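In this chain, numbering begins with 1 at the start of the sequence shown. Quick caveat: nothing in here was measured; it's all calculated off a predicted structure.
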Amino acid sequence: MMVGKITAEQEAVIELEVIGVNRPENIAAIIDTGFDGELSLPSNFIKRLKLQRIGEMPVILGDGSTVDLDVYLAKVLWHGATREVDVLRTDGDALVGMALLKDNRLTLDVVTDGAVTIEALP
């Protein structure tokens, strides 16, 4: 089971270990149920971990506009196992999307410092 907490801004945040070329690094990632990808990371984090760029893809933003974002390959520690994921490069916060949460149960206690739990489904 993975755990996190609800921030004062009402965001569900977990700490995620991303494995780069040289080393793993932890990052606080916001759970975004409106994001259908696996993971988005800020540019500086991607550069620091020297993630491999594998292409680009068009993405529809919340305001309905479309942008092309670079896609990188990374590994994350997910339920104690290494999992390969596609990462979108963004200038915003790190986001965990619904594709990474697939086959998991997400439980939120939506109060400041409330529990965030992610459990693998059988």
Side-chain angles (χ1 to χ4, degrees):
M1 177 170 47
M2 301 175 69
V3 297
K5 70 176 186 172
I6 303 293
T7 67
E9 294 79 26
Q10 302 301 301
E11 294 174 325
V13 176
I14 61 168
E15 189 156 303
L16 191 62
E17 184 174 306
V18 182
I19 302 164
V21 171
N22 298 328
R23 65 183 197 280
E25 193 167 326
N26 291 334
I27 189 167
I30 299 168
I31 295 172
D32 183 351
T33 59
F35 170 39
D36 64 359
E38 291 180 298
L39 184 64
S40 73
L41 293 173
S43 299
N44 62 338
F45 196 81
I46 289 170
K47 287 178 189 173
R48 198 164 56 244
L49 289 177
K50 299 179 181 174
L51 299 181
Q52 176 188 354
R53 184 179 181 277
I54 58 172
E56 66 179 39
M57 69 182 302
V59 175
I60 300 172
L61 302 177
D63 66 2
S65 63
T66 302
V67 296
D68 289 329
L69 296 180
D70 290 331
V71 181
Y72 293 80
L73 189 60
K75 293 180 181 174
V76 297
L77 190 61
W78 192 255
H79 296 298
T82 302
R83 178 172 167 178
E84 202 167 82
V85 296
D86 289 342
V87 174
L88 295 178
R89 186 184 73 181
T90 64
D91 293 325
D93 295 315
L95 301 175
V96 170
M98 293 301 286
L100 189 55
L101 293 169
K102 186 177 185 299
D103 298 323
N104 287 266
R105 175 177 292 119
L106 172 64
T107 306
L108 307 172
D109 294 337
V110 186
V111 295
T112 300
D113 293 326
V116 173
T117 59
I118 302 170
E119 299 172 89
L121 292 172

Check: [Y] and [X] side chains under 4.5 Å, non-hydrogen atoms:
X      : Y      : result
Leu16  : Asn26  : no
Val21  : Leu49  : no
Asn104 : Trp78  : yes
Ile118 : Leu101 : yes
Val96  : Leu39  : yes
Met57  : Leu88  : yes
Ile27  : Glu15  : no

To the nearest 0.5 Å, what is the distance between [atom1] ([X]) and [atom2] ([Y])?
X      : Y      : atom1 : atom2 : result
Leu95  : Leu41  : CG    : CG    : 9.0 Å
Gln52  : Leu73  : CD    : CG    : 6.0 Å
Asp109 : Thr117 : CG    : OG1   : 7.5 Å
Arg89  : Ile46  : CZ    : CD1   : 6.5 Å

Does Leu108 form a side-chain contact (heavy atoms from CB on, under 4.5 Å) with Leu106? I'd like the steps, not just the answer. CA-CA 7 Å; Leu108 307 172; Leu106 172 64; 3.8 Å; yes
[X] to [Y] - nearest heavy-atom pair and separation:
X     : Y      : value
Glu17 : Pro24  : OE2-CB, 3.5 Å
Leu51 : Tyr72  : O-CD2, 3.4 Å
Ala28 : Ala94  : O-CB, 3.7 Å
Ala8  : Thr112 : CA-OG1, 3.8 Å
Arg48 : Glu25  : NH2-OE2, 2.7 Å
Glu38 : Asp86  : OE1-N, 2.7 Å

Please assess Val116 against Ile6 for the test side-chain contact (heavy atoms from CB on, under 4.5 Å), listing each intermediate value before the final yes or no. CA-CA 7 Å; Val116 173; Ile6 303 293; 3.7 Å; yes
Just checking [X]: does its [atom1] atom have more than 12 heavy atoms from other residues, nucleotides or ligands closer to it than 6.0 angstrom?
X      : atom1 : value
Met2   : CE    : yes
Arg105 : CZ    : no
Leu61  : CG    : yes
Asp91  : CG    : no

Going hydrophobic residue to hydrophobic residue with side-chain gaps under 4.5 angstrom, can you get from [X] over to [Y]?
X      : Y     : value
Val85  : Phe45 : yes
Phe35  : Val67 : yes
Val110 : Ile30 : no

What do the steps show when you test Lys5 against Val13 for side-chain contact (heavy atoms from CB on, under 4.5 Å), and what is the final call? CA-CA 6 Å; Lys5 70 176 186 172; Val13 176; 5.6 Å; no
For a side-chain contact (heavy atoms from CB on, under 4.5 Å) check, start with the C-alpha distance between Arg53 and Asp70, then their side-chain angles and the critical distance, and finish with the verdict. CA-CA 7 Å; Arg53 184 179 181 277; Asp70 290 331; 3.0 Å; yes
Is it the case that the side chain of Arg83 and the backbone of Leu100 share a donor-acceptor pair, with hydrogens and angles ignored and the cut-off at 3.5 Å?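 Yes, the answer is positive, given that a donor and an acceptor are paired below the 3.5 Å cut-off.
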